[in-house]
Amino acid sequence: MKKWILAFIWGFFAVNSAWDYFTNLINKVALKEWGIVVTEKDLLCTFLVLFVLLHLISLLHEKIQHWHAEFLKKKALRKQNEFNKMMDAYFSSKS
């Protein structure tokens, strides 16, 4: 239990330091390039929106992969059925 608490505290400090660094960096760039002041709420909302969008894109990607796999199976089945019909016609003409 003690290790978990220490890991949580060190993780908090690392994340907090990284968050401060990135917010200051983004604020400096935004102020220098565009002359706008970005608040922490703006950054937090932006990162949350990006997280949700990336999650939705990954879900959509999984769905597209599933649909594409089904399409390829159906396409292969159609080709196999066409081939079977051609072979049945060939064998029936031989006999």
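The distance from atom CD1 of Ile9 to atom CH2 of Trp4, rounded to the nearest 0.5 Å, is 9.5 Å. Atoms CG and OG1, from Leu44 and Thr39 in turn, are 9.5 Å apart once rounded to the nearest 0.5 Å. One distance of note links CE of Met87 with OG of Ser92; it measures 11.0 Å at 0.5 Å rounding. Here the CG atom belonging to Asn81 is positioned 12.5 Å from the CE atom belonging to Met86, to the nearest 0.5 angstrom.
Scanning for side-chain hydrogen bond (donor to acceptor under 3.5 Å, both in side chains) contacts around Glu70 gives His66, with sequence neighbours left out. Remark: Lys63 engages Trp67 in a side-chain contact (heavy atoms from CB on, under 4.5 Å) (not counting sequence neighbours). Taking Phe22 as the reference, nothing meets the ring-ring contact (aromatic ring centres under 6.0 Å, His included) condition, with sequence neighbours excluded. Residues that satisfy the side-chain contact (heavy atoms from CB on, under 4.5 Å) test with Asn16, not counting sequence neighbours, are Phe12, Asp20. Partners of Asn84 according to the side-chain hydrogen bond (donor to acceptor under 3.5 Å, both in side chains) rule, which considers only residues two or more places apart in sequence or in another chain, are Gln80. Evaluation of the side-chain hydrogen bond (donor to acceptor under 3.5 Å, both in side chains) rule for His68 yields no partner, not counting sequence neighbours. Trp10 meets the side-chain contact (heavy atoms from CB on, under 4.5 Å) test with no other residue; sequence neighbours excluded.
With side-chain heavy atoms closer than 4.5 Å counting as contact, directly or through intermediates, the hydrophobic cluster containing Leu31 also holds Val37. Summarising the hydrophobic clusters (Ile, Leu, Val, Met, Phe, Trp, Tyr; side-chain heavy atoms under 4.5 Å, direct or chained), the residues clustered with Leu77 are none.
Applying the ring-ring contact (aromatic ring centres under 6.0 Å, His included) test to pairs two or more places apart or on separate chains, none has a residue in residues 74-95.
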Show me the donor-acceptor pairs within less than 3.5 Å that the side chains of residues 45-61 make with the rest of the protein, sequence neighbours left out.
| residue | atom | partner | partner atom | Å |
| --- | --- | --- | --- | --- |
| Thr46 | OG1 | Asp42 | O | 2.7 |
| Ser58 | OG | His55 | O | 2.7 |

